[in-house]
Undergrad: 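This is the structure I want to talk about, given as structure tokens.
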Number of protein chains: 2
Amino acid sequence: MATASRQEILQAVLELFRECGYEGTSMAMISERTKLGKASLYHHFPGGKEQMRDELVKLLGDWFRPRLEQLKDDATPPRGRVKVFISELDSFFEGGQRGCLFAALAVGPAENGCRIELKDLMNLWISALAELAEKSGVPANDAQTRAEDCVAQLEGALLVSRIVGDKSIFKRALRQAPDMLFGSSRQLES
Amino acid sequence: MATASRQEILQAVLELFRECGYEGTSMAMISERTKLGKASLYHHFPGGKEQMRDELVKLLGDWFRPRLEQLKDDATPPRGRVKVFISELDSFFEGGQRGCLFAALAVGPAENGCRIELKDLMNLWISALAELAEKSGVPANDAQTRAEDCVAQLEGALLVSRIVGDKSIFKRALRQAPDMLFGSSRQLES
DNA sequence: GTCTATATAATGATAGAC
DNA sequence: GTCTATCATTATATAGAC
């Protein structure tokens with residue numbers, strides 16, 4: 001008789017979603033991965049796949065929010081704070097190659113349900129970086145675009161790394177992130 | 001009695017794939033969008049959804065390849081060539097907001113079939129930009145990373161634009177692309 | 001080349017025993 | 001809390017008429 005905690009199930013589902021996407025992941029696949037019968041899965045998650053997705057999105061927020069808060073803690077210098085955050089992102093995305101839940105859930109019909117949460121969370125991510133850049137002396141307008149571009153660079157690098165099978169692209173995006181936010185050399189908008 | 005050419009069908013399927021992904025798009029959805037019965041779709045594409053996907057990937061290559069070739073045409077200055085290419089990318093991605101076939105087909109089980117083609121095509125894209133940067137005087141090593149980062153920035157901006165519902169992020173990525181490739185101000189690897 | 005009707009398989013979901 | 005067995009629905013795919 002197999003057994004698994006809610007947390008273990010969600011971890012397995014997270015891996016599947018990141019690899020195969022929401023629509024590409026079936027309850028049968030989750031059953032196989034967790035070694036639990038489908039009925040057991042519905043015992044833990046009466047709402048099925050949708051509930052699993054919603055709980056994973058919530059966990060995504062639970063991972064991000066405190067770390068974005070920490071970015072605002074003025075006890076240490078901005079660059080140091082960003083470096084900590086970047087290294088946490090590295091483990092979170094498992095060094096690239098694995099796919100991102102944001103990207104996985106961004107495909108699919110618009111009545112996706114969790115799209116608003118994803119949007120809010122990504123905006124929170126961006127604005128935390130923007131605020132940090134601004135505190136470091138970057139003009140407000142520029143700080144916002146830098147933060148947007150930085151998140152785009154990270155997400156894009158994750159995708160490109162995955163497609164061409166070279167995680168060094170993502171690793172470099174992580175390394176360059178501080179300069180994208182604070183660097184004086186950045187081209188300004190014309 | 002409805003009627004539609006192969007090309008019209010593929011156009012509809014492309015839109016659906018970009019919006020809903022491969023797994024998220026059903027033959028029923030394609031049938032509804034094209035106003036053709038499912039049997040008619042199988043008449044045109046005996047291999048079903050998989051064949052449609054493979055033909056779309058081929059069309060993706062048919063769009064990219066000649067334009068990447070044109071990037072190598074030394075008749076005009078590099079920056080001019082890139083500007084033309086960038087403006088074509090703009091229409092190709094419909095100004096952001098719509099999702100990218102690369103990204104849509106990057107999710108899903110690894111036995112995806114078209115993953116090798118997508119990888120080759122993206123590598124071709126990268127190496128064309130790298131070659132161009134090198135011709136403009138950028139050192140070979142740096143040219144390769146600039147090209148990778150540039151494609152990542154574009155793809156990431158497309159994703160972030162889509163998620164937060166602000167296409168200006170993608171528009172800016174397009175505008176900044178030339179400087180990412182040629183700009184002297186870029187931070188070098190340490 | 002399109003249609004209606006149908007076959008077949010997979011999907012999400014539930015009932016009820018243990 | 002897990003299981004086996006089963007349901008209803010949707011999916012891909014095909015047969016055959018027009």
Side-chain angles (χ1 to χ4, degrees), chain A residues 1-58 101 104-105 107-115, chain B residues 1-58 101 104-105 107-115:
Chain A
M1 189 164 75
T3 178
S5 68
R6 271 179 73 87
Q7 197 184 5
E8 287 167 332
I9 295 170
L10 284 175
Q11 177 60 35
V13 176
L14 174 61
E15 286 169 16
L16 284 169
F17 280 5
R18 286 172 67 180
E19 180 66 31
C20 306
Y22 178 75
E23 312 275 1
T25 301
S26 68
M27 292 301 286
M29 293 165 71
I30 299 171
S31 173
E32 189 187 25
R33 184 73 73 100
T34 57
K35 308 290 179 197
L36 284 180
K38 283 194 278 188
S40 302
L41 295 173
Y42 280 102
H43 170 75
H44 289 287
F45 303 91
K49 224 168 63 163
E50 246 180 282
Q51 182 181 355
M52 293 174 180
R53 180 200 61 195
D54 293 344
E55 293 201 23
L56 280 176
V57 170
K58 192 181 172 312
L101 193 61
L105 298 184
V107 293
E111 338 85 51
N112 203 295
C114 65
R115 293 278 264 269
Chain B
M1 188 164 74
T3 178
S5 67
R6 272 180 71 87
Q7 196 184 6
E8 287 168 332
I9 296 170
L10 283 175
Q11 178 59 36
V13 176
L14 173 61
E15 286 170 15
L16 283 169
F17 281 4
R18 285 171 68 180
E19 179 66 31
C20 305
Y22 178 75
E23 311 275 1
T25 301
S26 68
M27 292 300 285
M29 292 165 71
I30 299 171
S31 173
E32 188 186 26
R33 184 72 73 101
T34 57
K35 309 290 180 197
L36 284 179
K38 284 190 279 187
S40 303
L41 295 174
Y42 280 102
H43 170 76
H44 289 286
F45 303 92
K49 225 169 62 164
E50 244 180 284
Q51 183 182 354
M52 294 174 181
R53 181 200 61 194
D54 293 344
E55 292 200 24
L56 281 176
V57 170
K58 191 180 175 313
L101 194 62
L105 298 183
V107 291
E111 338 85 51
N112 203 294
C114 66
R115 293 280 265 270

Undergrad: Between C/dA15, C/dC3, C/dG12, spot the one nearest the side chain of A/A39, thanks.
TA: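 Closest nucleotide among those given: C/dA15.
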
Undergrad: Is it the case that atom CD in B/E32 sees more than 12 heavy atoms from other parts of the structure closer than 6.0 Å?
TA: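 Not buried by this count: 12 neighbours or fewer within 6.0 Å.
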
Undergrad: Please determine whether a side-chain nitrogen or oxygen atom of A/H44 lies at a distance below 4.0 Å from atom OP1 or OP2 of D/dT2.
TA: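 A/H44 to D/dT2 OP1/OP2: side-chain N or O found under 4.0 Å.
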
Undergrad: Run the numbers on A/Q11 and A/E15 for side chain to side chain donor-acceptor pair (under 3.5 Å), then give the verdict.
TA: CA-CA 6 Å; A/Q11 177 60 35; A/E15 286 169 16; 3.2 Å; yes

Undergrad: Roughly how many Å is it from NE2 in B/H43 to P in D/dT14, rounded to a whole number?
TA: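 Checked: the NE2 to P distance equals 14 Å.
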
Undergrad: Looking only at side-chain atoms of A/L36, point me to the closest of C/dT11, D/dT2, D/dT12.
TA: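 The answer is D/dT2.
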
Undergrad: Ignoring hydrogens, what is the shortest heavy-atom contact between B/C114 and B/D54? Give both atom names and the distance.
TA: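 Scanning both residues completely, I find the closest heavy atoms to be CB-OD1, 4.1 Å.
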
Undergrad: Provide the closest heavy-atom pair for B/E19 versus A/R115 in the form atom of the first, atom of the second, distance.
TA: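 The pair with the smallest heavy-atom distance is OE2-NH2, 4.2 Å.
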
Undergrad: Any base atoms under 4.0 Å from B/S31, or only sugar-phosphate, or nothing? Heavy atoms, all strands.
TA: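 Nothing, no heavy atom under 4.0 Å.
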
Undergrad: Let me know the distance between CE of A/M27 and P of D/dT4, rounded to the nearest Å.
TA: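 It is 16 Å, rounded to the nearest whole Å.
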
Undergrad: Using atom types as modelled and distance alone, determine if a side-chain donor or acceptor of B/E50 lies under 3.5 Å from a backbone N or O of B/G47.
TA: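 Between the backbone of B/G47 and the side chain of B/E50 there is no qualifying donor-acceptor contact (under 3.5 Å).
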
Undergrad: CD of B/Q51 versus P of D/dT14: gap in Å, rounded?
TA: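 So the two atoms are 11 Å apart, to the nearest Å.
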
Undergrad: Would you say D/dG1 has OP1 or OP2 under 4.0 Å from some side-chain N or O of A/S40?
TA: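 No, because none of the side-chain N or O atoms of A/S40 sits under 4.0 Å from OP1 or OP2 of D/dG1.
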
Undergrad: Once you round it to whole Å, what is the distance between P of C/dA10 and CD of A/E32?
TA: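 To the nearest whole Å, that distance equals 13 Å.
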
Undergrad: Taking the side chain as everything from C-beta on, heavy atoms only, tell me whether B/K49 gets closer than 4.5 Å to B/F17.
TA: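 Result yes, sub-4.5 Å side-chain heavy-atom pair found.
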
Undergrad: To the nearest angstrom, how far is B/F45 atom CZ from D/dT14 atom C1'?
TA: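 Going from CZ in B/F45 over to C1' in D/dT14 covers 18 Å.
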
Undergrad: Starting at atom CG of B/L41, determine the distance to atom P of C/dT4, rounded to an integer number of angstrom.
TA: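 Answer to the nearest Å: 13 Å.
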
Undergrad: Quick check on D/dA13: is either OP1 or OP2 less than 4.0 Å from any side-chain nitrogen or oxygen of B/Y42?
TA: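 It does, given that an N or O in the side chain of B/Y42 lies less than 4.0 Å from OP1 or OP2 of D/dA13.
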
Undergrad: For B/E50 and D/dA11, give me the distance from atom CD to atom C1', rounded to whole Å.
TA: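 For the pair B/E50 CD and D/dA11 C1', the rounded distance is 14 Å.
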
Undergrad: Check whether any side-chain nitrogen or oxygen of B/K49 sits under 4.0 Å from OP1 or OP2 of D/dT12, and answer yes or no.
TA: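 Checking B/K49 against D/dT12: at least one side-chain N or O falls below 4.0 Å of OP1 or OP2.
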
Undergrad: Once you round it to whole Å, what is the distance between C1' of D/dG1 and NZ of A/K38?
TA: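 Atom-to-atom, A/K38 to D/dG1, this comes out as 18 Å.
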
Undergrad: Hey, are the side chains of B/M52 and B/I30 touching, using non-hydrogen atoms and a 4.5 Å cut-off?
TA: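 In short, these two side chains touch, coming nearer than 4.5 Å.
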
Undergrad: Go through DNA chain D and write down every stem, that is, every run of at least three consecutive Watson-Crick or G-U wobble pairs with distances under 3.5 Å, as range with range.
TA: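 Runs of three or more consecutive pairs: C:1-7 with D:12-18, C:9-18 with D:1-10.
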
